[in-house]
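Data block below; observations after.
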Amino acid sequence: MSERIALADLRAHRATIGADIDRRMAEVVAHGRWINGPEVAEFERAAEHYVGGDVAAVACGNGTDALVLAFQALGLTSGQAVLCPSFTFVATAEAVVACGAVPVFVDVGLDDFNLCPDSVRTAYKAATEEQLDVVGMCAVDLFGAPAKLDQLGELAEELGCWLVSDAAQSFGAEAGGHRVGRLAAVTTTSFFPAKPLGCYGDGGMVLSLDHDLASVVRSLGSHGKGGHKYENVRIGQNSRLDSLQAAVLLVKLDLLDWELAQRRRVADRYSQGLAGAVGTPEVLAGNRSAWAQYTITTDGRDRLQQHLNDQGIDTAIYYPRPLHRQPAYTHFELSSVDLSRTDHLTNRVLSLPMHPYLADDQIDRVIEAVQTGLD
Ligand SMILES: *Cc1c(COP(=O)(O)O)cnc(C)c1O
């Protein structure tokens, strides 16, 4: 029996850059400035440079905090409502609720699995009819593919809402020649180890084209501080990226473009080998996915997953239950909003092994196993 093929390999990068990471971590150990060490600002500037344009980056504790800080900086408060997908990781809606607001679940498109602009419009109308005060929308770049942020941004403006882009899965992705981080006025991301740019623990970031908003985010993540540490001008929280994680990220950021190219190699090979057999993920024209996941759709999903497991191939279902069917979130569902595409996808999606270090023969083994599993 050949070796199992894992969904991800979070250690493989160490063969090439492990020594560099260890050296940078040793520097942190030597200077001992665990919190707010020079690596944090250095990483923020490196992320700004990577994203390009005139974006301001503020590092924080994790991707969930990044959402909460962005929402709070935009003024989200109790009694308000935010449009967001139900087909996402729970943190998207959780951050809305953490601000005292309510999520309004919106259906996604079958093309990119992301917020569908037409559905946003219908859901906005339905929510307004239910007397909800919709002030914003939060788009998610599911599996690494940018949502239709141009269209959603225009729609947000028309509806008088702000737009936050939850790019926890898509740092490094592009649309129309621009990198994620400047595709919306406010973008949040996560450096959780399994994300395309992952650290050795928790980490997150808010990126904004609005530098005043970025300074409010910075203050909120630092106990609402004002001009100096012991002046508190707003109610904040403690959410920081620590120096050791910044040191890891500085080295990993240098490798990101190469890793993303490798993820594209894996995705292209899967798509060639699986076209026609199952639904393969679409990347919209002019976009580049960060390929956090390679997710196929098929009717006999559960049987196929069992077959792949028997063949020594790990897979995952992201997400087995949409948020409007989660016990803690069902009461937010509006009966007048159709979420049938979300339910349809939930029953059919299957994520295959995806990471930059998958060898071509491993990819071919997965392709063959999927094909024999469908027979
Ligand atoms: C991972 C993730 C988050 C949360 O990030 P953490 O760093 O784990 O808090 C938020 N939204 C989406 C879509 C995610 O995938």
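Being a predicted model, the structure only gives us computed values, none of them experimental. Remember, it's 1-based here, ligands and their atoms both numbered in the order they're listed. Only heavy atoms go into these numbers, but all of them, side chains included; no hydrogens, no water, no symmetry mates. Each residue takes its place number in the sequence, starting with 1.
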Quiz item: Is there any N or O on T88 that sits under 3.5 Å from an N or O of ligand 1?
Solution: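 T88 vs ligand 1: no N/O contact under 3.5 Å.
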
Quiz item: Between G63 and ligand 1, is there a nitrogen or oxygen pair with a distance under 3.5 Å?
Solution: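 Yes, since at least one N or O of G63 sits under 3.5 Å from an N or O of ligand 1.
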
Quiz item: Strictly under 4.0 Å, does any heavy atom of D202 approach an atom of ligand 1?
Solution: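 No, that is not the case, since the closest heavy atom of the residue is not under 4.0 Å from the ligand.
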
Quiz item: Could R218 and E44 be called an ion pair, given the rule that one side-chain N must be under 4.0 Å from one carboxylate O?
Solution: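 Between E44 and R218 there is a salt bridge, with a charged N closer than 4.0 Å to a carboxylate O.
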
Quiz prompt | Electrostatic pair E42:R45 at N-O distance under 4.0 angstrom | solution =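 Salt bridge between E42 and R45, a charged N being under 4.0 Å from a carboxylate O: no.
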
Quiz item: Taking R348 as the fixed residue, which of D302, D343, D299 is the one that meets the salt bridge (Lys or Arg N to Asp or Glu O under 4.0 Å) rule?
Solution: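 Output: one option passes, namely D299.
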
Quiz item: Can you tell me the protein heavy atom closest to atom 2 (C) of ligand 1 and the distance?
Solution: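 For this ligand atom, the closest protein heavy atom is K195 NZ, 2.7 Å.
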
Quiz item: Of all the non-hydrogen atoms in the protein, which one sits nearest to atom 10 (C) of ligand 1, and at what distance?
Solution: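 Answer for atom 10 (C) of ligand 1: A91 CB, 3.5 Å.
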
Self-check item: Which segment of D166 sits under 4.0 Å of ligand 1 when only heavy atoms are counted
Solution: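 Contact part for D166 vs ligand 1: side chain (C-beta onward).
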
Practice problem: Mind checking whether V140 contacts ligand 1 via backbone (N, CA, C, O), side chain (CB onward), both or neither, at a 4.0 Å heavy-atom cut-off? | Solution: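 Within the 4.0 Å criterion, V140 contacts ligand 1 through side-chain atoms alone.
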
Quiz prompt | Non-hydrogen side-chain atoms of L256 and Y50 separated by less than 4.5 Å | solution =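 They are in side-chain contact.
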
Practice problem: Over 60° means perpendicular and under 30° means parallel, so classify the ring planes of F143 and F113, tilted if in between. | Solution: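 Rings of F113 and F143: perpendicular, as their planes differ by over 60°.
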
Exercise. Find all atoms of ligand 1 within a distance of less than 4.0 Å from any non-hydrogen atom belonging to Q169, and give their numbers and elements.
Key: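 Selected atoms, number and element: 13 (C), 14 (C), 15 (O).
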
Exercise. Considering the heavy atoms of S190, write down every atom of ligand 1 situated less than 4.0 Å from one of them.
Key: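 Ligand 1 atoms under the 4.0 Å threshold to S190: 5 (O), 6 (P), 7 (O).
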
Quiz prompt | Nearest atoms (heavy-atom pairs only) where R121 meets E158 | solution =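 In this case the closest contact between R121 and E158 is NH1-OE2, 2.8 Å.
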
